[in-house]
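We name chains A, B, ... by the order of the sequence lines, and we start the count at 1 in each one. We use all heavy atoms of the structure for the numbers below, so side chains are in, but hydrogens, waters and symmetry mates are not.
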Amino acid sequence: MGLNVEDQGKLINTRIEKIKEIREMGINPFPYNYDVRNFSSDIISNFEDFDSEVHENKIVSLAGRIMSTRIMGKAAFASIMDQKGKIQLYVALKNIGETDYNLFKKLDIGDIIGVEGTVKKTNVGEITVYITKLVLLTKNIRPLPIVKEKDGEVFDAFSDKELRYRNRHVDLIVTPGVRETFEKRIRIIKNIKNILDSKDFLEVETPTLLPIYGGANASPFTTHHNTLDMKLYLRIAIEPYLKRLIVGGMDRVYEIGKCFRNEGMDRTHNPEFTMLELYQAYADYNDMMNITEEIFESTCKQLYGTTQIEFKGNVIDLKTPWKRLKMVDAIKEYTEIDVESLSDDDMKKLIEKKGGKIKGEFIRGLAINEIFELYVEEQIIQPVFITHQPVETTPLCKPDYDDERYLQRFELFIAGNEYANAYSESNDPVFQRKTLYEQSLRRDVDKEASPMDENFVQAIETGMPPTGGLGLGIDRMVMLLTGERSIRDILLFPTMKPENQ
RNA sequence: GGGAGAGUAGCUCAGUCGGUAGAGCACCGCCCUUUUAAGGCGAUGGUCGACGGUUCGAGCCCGUCCUCUCUCACCA
């Protein structure tokens with residue numbers, strides 16, 4: 001198991017031997033640079049501009065990793081992969097001369113080369129660089145898994161997920177589509193930033209290493225600062241610092257960054273994950289819904305040119321506007337139960353019937369939320385904003401004007417999962433101090449309750465304008481928009497146990 | 001934490017009833033100037049996840065443990 005030197009010493013040693021032989025030929029197997037003037041995909045998609053039948057002496061120069069070779073005595077085909085894709089090379093003794101051809105015969109799949117040549121279609125019509133010059137740029141000594149493709153079908157895929165996650169550098173080279181998935185992730189994040197920047201939001205950076213944590217119910221990672229000799233925490237949410245900035249007069253701020261939660265791991269949870277948090281002064285939860293819709297719809301269109309995507313076997317249409325449903329109405333619609341008219345006992349029965357639990361004393365608002373999660377959540381396939389959660393679900397959100405039993409809050413559900421959570425943020429300093437203090441007292445019972453953050457409360461006491469706040473799970477969004485079912489497939493380097501026992 | 005599956009060559013995988021460890025690709029040698037899962041001939045390559053047990057004999061049966069994958073639950 002593993003890709004350790006000891007395990008494949010013989011294969012590696014023969015390649016180290018080749019490095020010596022190449023040096024003996026007077027060739028440096030690790031030169032310092034190369035003049036790259038073309039990329040594979042540009043040559044292929046603009047073939048007319050390069051076709052040597054038309055442009056007689058047009059020389060291209062490109063560099064990439066050798067992915068396959070087909071050697072036929074005094075000539076060979078090879079394909080190399082660069083930043084933008086793959087392209088075939090024709091390597092002939094008569095075109096590159098004996099020295100370079102002898103070098104070529106010593107090369108392996110995985111080596112990085114620079115080539116110059118002319119572009120022409122082969123007899124069977126494949127656009128190919130007929131090389132006239134070959135430069136070894138980096139000699140590989142650790143063999144790559146050989147993955148073959150024919151007509152889009154992949155053979156001998158590098159399919160061991162553990163090896164792929166532990167050796168993402170190899171995965172990126174040999175597994176078709178992996179790179180594209182991560183390029184999509186990059187484009188998604190860039191597009192979100194473009195949207196927010198165009199709305200005059202300021203992208204800020206706030207600390208991840210904190211003396212005190214808060215903003216969510218979660219267990220933090222702890223660490224230690226040596227010279228200060230103090231305990232520090234990795235943040236579990238971005239919220240407390242962004243709200244300080246709103247107090248400070250930065251009226252529209254956002255951060256896309258890592259949060260860390262010391263909890264279980266599964267297909268949708270990694271210990272470190274990426275959140276978008278956004279706060280807008282003088283806005284409320286309705287404004288947050290509009291921004292959320294725009295973020296999803298625009299990003300999907302930008303990636304695919306359509307608002308429809310397939311996810312978990314469903315066609316999901318992200319076209320806005322999305323349905324907005326109060327939580328109790330959603331329960332009515334999906335289960336024909338009118339929770340507001342139920343007795344406490346009937347609600348308990350409904351929860352227990354589905355295997356749900358009521359923690360501590362019975363609280364109607366929490367029970368309504370529980371019934372929603374048990375009976376409705378997984379049924380929501382098309383995007384829906386669930387609004388007006390019971391006030392008991394969070395102390396950080398303002399109650400609705402019309403009915404103080406419910407909040408000006410929404411959660412976004414798509415394909416049975418939650419993607420975003422937003423509030424008309426509570427800014428009553430007396431209420432905030434009280435709830436945060438009460439929460440800090442519960443810490444010996446509730447491990448996920450946060451400690452009192454005096455500086456944060458003082459900030460709220462300074463006066464936070466009415467503010468709409470939004471939290472959006474970037475990893476979940478990337479999964480939705482790339483069709484990936486596991487968070488590990490959209491994180492370049494997911495958290496792994498160490499290889500040795 | 002529960003359930004299911006898996007761990008054999010660098011990669012992808014076979015391995016029958018318990019009887020000398022197999023293939024394809026890669027690698028090495030040879031042939032080959034339009035191939036594309038290139039082809040042909042030949043060679044090399046193994047602590048069968050670990051430990052223990054049963055047996056004349058274990059990749060295979062039994063036990064314990066480790067790791068991974070999938071899935072359910074829990075947790076935001």
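- A donor-acceptor contact shorter than 3.5 Å is absent between the side chain of A/Arg168 and the backbone of A/Arg164.
- Here the side chain of A/Asn217 is nearest to one of B/A76, B/U36, B/C27, namely B/A76.
- Comparing B/U35, B/U69, B/C27 by their nearest atom to the side chain of A/Lys161 picks out B/U69.
- Among the heavy atoms of the strands lying under 4.0 Å from A/Ala218 are primed sugar atoms or P, OP1, OP2 only; no base atom is included.
- In terms of phosphate contacts, A/Arg70 brings no side-chain nitrogen or oxygen within less than 4.0 Å of OP1 or OP2 of B/U35.
- B/A9 is unpaired under the Watson-Crick or G-U wobble criterion, no partner having all donor-acceptor distances under 3.5 Å.
- In this structure, A/Glu153 reaches neither bases nor backbone, as no heavy-atom distance under 4.0 Å exists between it and the strands shown.
- Phosphate contact (OP1/OP2 of B/U71, side-chain N/O of A/Arg267, threshold under 4.0 Å): present.
- On a pure distance criterion of 3.5 Å, a polar donor-acceptor pair joins the side chain of A/Thr122 and the base of B/U35.
- Here B/U67 is the nucleotide among B/A26, B/U67, B/U12 with the atom lying nearest to any side-chain atom of A/Lys497.
- Set against B/C11, B/A76, B/C27, the side chain of A/Arg261 has B/A76 as its closest nucleotide.
- Using C1' as the reference atom, B/G49 and B/C66 are 7 Å apart when rounded to the nearest Å.
- Contact annotation for A/Lys121: no contact, since no heavy-atom pair falls under 4.0 Å across all strands.
- Put simply, the side chain of A/Asp42 never gets that close to the backbone of A/Asn38: no donor and acceptor are under 3.5 Å apart.
- B/U55 sits 16 Å from B/C60 when the P atoms are compared, rounded to a whole Å.
- If you look at A/Tyr130 and A/Tyr90, their ring centroids are closer than 6.0 Å.
- Side-chain nitrogen and oxygen atoms of A/Ser159 include at least one within less than 4.0 Å of the OP1 or OP2 phosphate oxygen of B/C13.
- B/A58 and B/U69 are spaced 27 Å apart, taking the C1' atom of each and rounding to whole Å.
- A centroid separation of less than 6.0 Å is found between the aromatic rings of A/Phe413 and A/Phe372.
- Minimum atom distance to the side chain of A/Met72 is reached by B/U33, of the listed B/A76, B/U12, B/U33.
- Interface remark: the A/Glu126 side chain does not form any donor-acceptor pair with the B/U34 base, using a distance-only criterion of under 3.5 Å.
- Base pairing annotation: B/G59 forms no Watson-Crick or G-U wobble pair, as no partner gives both donor-acceptor distances under 3.5 Å.
- Nucleic acid contact for A/Ile71: base, since at least one base atom lies under 4.0 Å from a heavy atom of the residue.
- In this structure, A/Lys74 reaches the bases: a heavy-atom distance under 4.0 Å links it to at least one base atom across the strands shown.
- The side chain of A/Arg488 sits closest to B/U69 out of B/C11, B/C27, B/U69.
- Donor-acceptor pairing under 3.5 Å, judged by distance alone, is absent between the side chain of A/Tyr90 and the base of B/U35.
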Which pairs, protein N/O on one side and nucleotides 22-25 of chain B N/O on the other, fall under 3.5 Å?
| from | atom 1 | to | atom 2 | distance (Å) |
| --- | --- | --- | --- | --- |
| B/C25 | O3' | A/Lys148 | NZ | 3.4 |

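- When heavy atoms are screened at a 4.0 angstrom cut-off, A/Arg476 is found touching no nucleic acid atom at all.
- Under the Watson-Crick and G-U wobble criteria, each requiring two contacts below 3.5 Å, nucleotide B/U64 is paired to B/A50.
- Contact annotation: side chain of A/Asp266 to base of B/C74, donor-acceptor pair present below 3.5 Å.
- You'll find that the side chain of A/Glu162 is closest to B/C68, out of B/C75, B/U34, B/C68.
- Both A/Tyr130 and A/Ala157 lie near RNA chain B, and the one whose nearest nucleotide falls closer to the 5' end is A/Ala157.
- When each of A/Gln280, A/Gln408, A/Lys243 is tested with A/Glu425 by the rule side chain to side chain donor-acceptor pair (under 3.5 Å), just one qualifies, namely A/Lys243.
- Within 6.0 Å of CD on A/Glu48 lie more than 12 heavy atoms contributed by other residues, nucleotides or ligands.
- Nucleotide B/A4: paired with B/U69 (Watson-Crick or G-U wobble, both distances less than 3.5 Å).
- When both distances must be under 3.5 Å, the Watson-Crick or G-U wobble mate of B/G45 does not exist.
- Surrounding CD of A/Glu98 are at most 12 heavy atoms belonging to other residues, nucleotides or ligands under 6.0 Å away.
- For A/Glu378, the CD atom is loosely surrounded, since the number of other residues' heavy atoms within 6.0 Å does not exceed 12.
- Checking B/C28, B/U12, B/U33 against every side-chain atom of A/Ala75, the shortest atom distance belongs to B/U33.
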